[in-house]
Amino acid sequence: MNTRRALSLTSAALATALALSGCGAGSGSGGASADGSVEITLSGWNLSNTPEFKTLADGFMKDHPNVKVTLKEYSADDYDSQVTVDISGGATTDVVTMKNMSKYYSYATSGGLMDITDIATDLGKNMDVSVYDLDGKYFAVPYRTDSWVMFYNKDMFAKAGVAEPKAGWTWDDFIKVCEELKAKLPAAGYDANAVKPTYMHSWQTVVQSFALAQTKGADYFSGDYSYMKPYYERALKMQDEDLTLSYSTATASKVQYQAQFGNQKAAMVPMGSWYIATLLDQQKSGAADTFEWGMVSVPQNPDQSVPSTPETFGSSTGFALSSKLSGAKLDAAREFVKWACGEGGATALAGITSTPAYMSDAVATAFFAKDGMPTDDQSKVAWSEHKTTPDTPIGAGTAEIQALLNVMHSAIMTGTKSIDKGLTDGTAEIKNSGALDAK
């Protein structure tokens, strides 16, 4: 990794900018106070259990004492609906958090968000901002990007006498490792009925998003989902060989991946990097067992040459600006986005084990400094170096396509339909829905 430059004004420079933009302004939405200070608002959810918002607000205010960042809490479960209402009514916060990608298109085309292509272009010199690219324009910039990696239990591998997985492996290699674990874990004292080599969670992304990210030429909006077939074949093979809990068992019992891996019921689990903080907290509190664990890049497509940079998928969380901003508030809000999405915010997030979008040596050092983190180089590389495809591509028809693909996923994984029948019917339903035309 190369050290990246920080992208933020000094406190003095910002103070000057605020003073200039506040000249002649009243106490309305765009003006600074008489003492030159300015307040901006930031949306968030579940603030008591989601520390990233306060961490970023506090870190920014420390570096920019003339600005006060006030958090506005929304419902975690109903966040998008509440923000939609606020944007429609022109009452949104100054800085709007993009919780997920599914609503970004509608937000960006609503007129409620400001075009911040210049900020994205500047930050894009040192980080990947392409997830928010809408025909060359940007209405948000990522501050956090959780990419999927493979978590594995080092203790279970050692006790079973199975070599730890290494980067550059394929999904066929993954299955072979699972088969070896299945054969050797019982002799190491693990209950064959309760402990599985891996846990493949029931989400559609565990099959579909890997297929999209790792298949050359795959196009989510093409209406051709045949590229998913090999991934479903492997998913069903793992079920049939009892290498993982079946989809039906996992959904009926509402199995959580945290319990499967944290309580050593699975030796491996592919999951987003957000799980790191949860696993550390659960091991500290006793909600998870104490064991040594590590990370490795996810297996790659065996039907293609293994790329030098592992291909995976993930989800981004970003910041956008209200189109209603002006004057000093606009200057301060723009500076917040630059700082929070750049190295300043990234280092602050790394300190609470949240995976930032911006990567540098300093950020990695801060991230892996927490007690309980793995210290091996492979884990550090798995976390920081990969090509990440969005789990939900941006488009007007995305929400409807995702819903229909989820129905298809359930039908295939439960055996209600064969893979070929499921793909054929699913494709037909998506085409007939008109979602592909909307994109």
Side-chain angles (χ1 to χ4, degrees), residues 1 46-56 58-59 143-160 162-167 181 185 188-190 195-199 201 255-298 310 312 314-315 317 345-386:
M1 292 180 292
N46 196 13
L47 298 182
S48 61
N49 295 313
T50 310
E52 64 196 59
F53 302 111
K54 188 176 187 301
T55 296
L56 290 174
D58 288 348
Y143 70 86
R144 175 177 172 178
T145 298
D146 285 294
S147 301
W148 279 53
V149 299
M150 184 69 70
F151 292 82
Y152 67 98
N153 186 317
K154 288 175 173 282
D155 290 353
M156 291 180 73
F157 271 84
K159 290 177 182 178
V162 177
E164 293 183 12
K166 298 296 182 183
L181 284 168
L185 281 172
Y190 294 96
V195 178
K196 307 295 180 185
T198 188
Y199 176 65
H201 200 40
V255 174
Q256 296 300 311
Y257 64 87
Q258 299 96 325
Q260 290 300 114
F261 188 75
N263 294 328
Q264 302 191 85
K265 295 179 180 178
M268 295 182 286
V269 59
M271 193 51 59
S273 55
W274 65 78
Y275 179 44
I276 297 172
T278 300
L279 179 56
L280 290 177
D281 289 344
Q282 289 186 338
Q283 286 192 319
K284 184 177 181 179
S285 69
D289 295 343
T290 300
F291 57 87
E292 188 177 359
W293 56 276
M295 294 177 285
V296 62
S297 56
V298 294
T312 186
S315 57
T317 311
T347 304
L349 288 174
I352 60 169
T353 333
S354 288
T355 303
Y358 184 105
M359 291 288 179
S360 71
D361 291 339
V363 171
T365 298
F367 190 89
F368 282 91
K370 193 166 184 178
D371 290 343
M373 284 291 293
T375 58
D376 60 288
D377 289 339
Q378 178 169 269
S379 293
K380 295 176 181 179
V381 170
W383 175 77
S384 62
E385 298 181 13
H386 35 64

- Enter the distance from Lys154:NZ to Met295:CE here, rounded to the nearest 0.5 Å. 10.0 Å
- Query: Is there a donor-acceptor pair closer than 3.5 Å between any side-chain N or O of Gln283 and the backbone N or O of Asp289?
  - Reply: yes
- Task: Could you grab the distance from atom CG of Leu56 to atom CG of Leu349, nearest 0.5 Å is fine?
- Result: 4.5 Å
For residues 366-375, tabulate all N or O donor-acceptor pairs below 3.5 Å that involve a side-chain atom, not counting sequence neighbours.
none

- Query: What's the spacing between Asn263 CG and Gln256 CD if we round to 0.5 Å?
  - Reply: 12.0 Å
- Message: Suppose we screen for side-chain hydrogen bond (donor to acceptor under 3.5 Å, both in side chains). Which residues come up paired with Asp281, at least two apart in sequence or across chains?
- Response: none
- Item | Distance, nearest 0.5 Å, that separates OH of Tyr199 from CE of Met271 | 7.5 Å
- Message: Just so I know, are the side chains of His201 and Val269 near enough to count as touching, which here means a heavy-atom distance under 4.5 Å?
- Response: no
- Task: Find out whether Pro270 and Met150 are in side-chain contact, i.e. whether some heavy atom of one side chain is under 4.5 Å from a heavy atom of the other.
- Result: yes
- Query: Under 3.5 Å, is there a donor-acceptor pair between the side chain of Asp146 and the main chain of Ser315?
  - Reply: no
- Item | Heavy-atom closest contact (Ala346 atom, Tyr358 atom, distance) | CB-O, 3.6 Å
- Item | Heavy-atom closest pair, residues Trp274 and Trp148 | CH2-NE1, 3.6 Å
- Message: For a quick test of reading the model, state the closest non-hydrogen atom pair linking Ala357 to Thr145 and the distance between them.
- Response: CB-OG1, 3.4 Å
- Write down the atom of Met359, the atom of Pro356, and the distance for their closest heavy-atom approach. CE-O, 3.6 Å
- Shortest non-hydrogen contact from Tyr275 to Gln258? OH-O, 3.6 Å
- Message: Strictly distance-based, threshold 3.5 Å: is any side-chain N or O of Thr50 a donor or acceptor partner for the main-chain N or O of Leu47?
- Response: no
- Message: Has Ser147 got a side-chain atom pairing as donor or acceptor with Gly314's backbone, closer than 3.5 angstrom?
- Response: no
- Correct closest heavy-atom pair for Trp293 and Leu280 would be CZ2-CD2, 3.9 Å
- List the steps and the verdict of side-chain contact (heavy atoms from CB on, under 4.5 Å) for Glu164 and Tyr152. CA-CA 8 Å; Glu164 293 183 12; Tyr152 67 98; 2.8 Å; yes
- Would you say Ser297's side chain and Ala167's backbone share a donor-acceptor pair under 3.5 angstrom? no
- Item | Asn153 CG to Gln264 CD distance, which is reported to the nearest 0.5 Å | 4.5 Å
- From Tyr143 atom OH to Thr355 atom OG1, the distance as rounded to the nearest 0.5 Å: 12.0 Å
- Task: Could you check if a side-chain atom of Asn46 sits within less than 4.5 angstrom of a side-chain atom of Phe53, using non-hydrogen atoms only?
- Result: no
